[in-house]
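Each remark here refers to the structure printed beneath this line.
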Amino acid sequence: MSIMRVVRARALGFCAGVRRTVDLALGAAKKYRLKLFSMGPLIHNERALRDMADLGFSVLDEDELPETLVHSVTVIRAHGIGPQTRRELLRRGTKIIDATCPKVRKSQLKALELFEKGFTLFIAGEKNHGEVRGIRMFARNSLVVEDEGGAFDAAKTLFSKNKTAKTAVIGQTTISNAEYLAICSAIKQFFPDLAVYDTICGATMARQKAIAGLCAETDALVIAGDSASSNTRRLLAAAAEYAKPAWIVSNASALPPELGSFGVIGLSAGTSTPDVLIGEIERAISML
Ligand code: SF4
C-alpha cells in the first residue's frame, strides 16, 4: 500500500454562517423538549443532515407547510426566508430560531431598501436556491438572472417596457466573481447606470481563490462535499478552469478509482462540508 500525498486548500469547509447554523440547531435540540423542525434542509450535506435527523429534526417544505406547528421549534437555515414564510410559520404557532447568515440578512435588507426606493432589482443567482427565493420576497418586482445570456434577455425585455427604469443588481452570496461581472456587463448594455452591490461572500471567494494555489502544486483535486451544494459545485468548476482533473466526493468510500494514478492530491471542501467528513476523506486518499 502506497501513501499518497494530500495537500489541503488554504481555506476549506464550514464557513462562519454554516457553523453558526449548526451551533444554533444543536443548542435548540438541547434546550427544548419540543418537536424540532428546520425550514428546508439545514445544510447541503447528506452526512450532516443524517446527524440532524438523528437529533430529531424534520425538514419543512415552505410550499407545503403543515396546518399547525404548535409545540415546536423551527430553525431557519443560513439561506434565510422571505417575510411571508416567516409570517406563515408564526401563524402556525412554532417558535423560530433564526440562523439566517448575517451576510444574507444584509442582502435581504438591501433588496427591501431598493424595492422601496423604486428600483427594479436583478438578482444574479440560481432561481430555485433557498437564498435567492428568500431575497426575492423582499423585492417583489425582482428579476432572477442565472447567467450572462439570461441577464441580457431580461434587461432587453425590461428596456422594451421601460427605458428609464432605475435598476440595481445584487448577487447570490456564493456566485463567482467572474459570473457576477459578466451578468452586470450584460445588464449595463441596456442600463449603463445600473447600481451594482457587492454581496459575494468572502468565505466563498476564499475557497474559490484557494483552488488556484492548490492546482499549482497538485496533480488532481478532490472536493469533499455534496453536489447538492452550490458552492461545492463552484469549487469543481474553479478546478476545471485550470484543466485539473477533479471530483466531488461525498464520503470516504466514494473515491474515484482514477485517483490512484496521481501522485499529489489537492483537497478542498464546500462551506457545508463537516470537518469530520473532510478528515475521513483525507485519510482515505492518503491510504490509496
Ligand atoms: S457562504 Fe457566506 S453568506 Fe453563505 S452562509 Fe457562509 S458565511 Fe454566510
Side-chain angles (χ1 to χ4, degrees), residues 9-28 38-49 51-52 57 59 62 74-82 85-86 96-112 123-139 144 146 169-180 183 196-211 223-238 248 268-275 277-278:
R10 274 193 306 277
L12 80 174
F14 273 5
C15 59
V18 170
R19 216 173 271 287
R20 178 168 166 270
T21 303
V22 172
D23 289 348
L24 286 171
L26 293 177
S38 65
M39 187 62 255
L42 267 189
I43 306 172
H44 285 155
N45 184 272
E46 221 181 285
R47 165 74 166 273
L49 286 178
D51 292 348
M52 288 296 157
F57 279 94
V59 177
E62 70 180 303
T74 300
V75 178
I76 307 301
R77 57 189 175 166
H79 296 332
I81 54 171
T85 310
R86 184 179 297 270
I96 289 181
I97 307 274
D98 194 348
T100 304
C101 176
K103 289 175 184 166
V104 175
R105 186 71 190 141
K106 212 168 138 193
S107 294
Q108 293 175 338
L109 295 177
K110 181 52 77 180
L112 178 63
I123 303 173
E126 296 170 52
K127 254 189 194 79
N128 292 320
H129 193 280
E131 178 189 325
V132 172
R133 287 184 62 162
I135 292 172
R136 71 184 305 191
M137 287 193 212
F138 285 83
V144 179
E146 296 198 319
V169 62
I170 62 176
Q172 188 176 329
T173 50
T174 48
I175 198 168
S176 79
N177 211 21
E179 271 178 283
Y180 193 46
I183 284 173
V196 178
Y197 291 92
D198 178 6
T199 48
I200 302 180
C201 172
T204 314
M205 292 265 275
R207 281 152 189 72
Q208 285 172 5
K209 275 191 189 151
I211 291 285
I223 318 288
D226 271 12
S227 42
S229 149
S230 101
N231 77 84
T232 302
R233 289 198 306 273
R234 281 177 200 286
L235 293 177
L236 187 73
I248 290 179
S268 180
T271 54
S272 47
T273 310
D275 304 341
L277 190 59
I278 300 172

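The first residue in the sequence is number 1, and the count goes up from there. In each ligand, atom 1 is the first atom listed, and ligand 1 is the first ligand listed.
Proximity of Glu131 to Thr173: side-chain heavy atoms (C-beta onward) are separated by under 4.5 Å at one or more points. His79 has its side chain within reach of His44: a pair of non-hydrogen atoms, C-beta onward, lies under 4.5 Å apart.
A salt bridge between Arg77 and Glu62 is absent, with no side-chain N of the basic residue lying under 4.0 Å from a carboxylate O of the acidic one.
Counting only protein N, O or S atoms closer than 2.8 Å to atom 6 (Fe) of ligand 1 gives 1.
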Given Gln208 and Ser176, is the side chain to side chain donor-acceptor pair (under 3.5 Å) satisfied, shown in steps? CA-CA 8 Å; Gln208 285 172 5; Ser176 79; 5.1 Å; no
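Every residue two or more places apart in sequence or in another chain that forms a salt bridge (Lys or Arg N to Asp or Glu O under 4.0 Å) with Asp275 is listed here: Arg19.
More than 12 heavy-atom neighbours from other residues, nucleotides or ligands sit within 6.0 angstrom of CD on Glu126.
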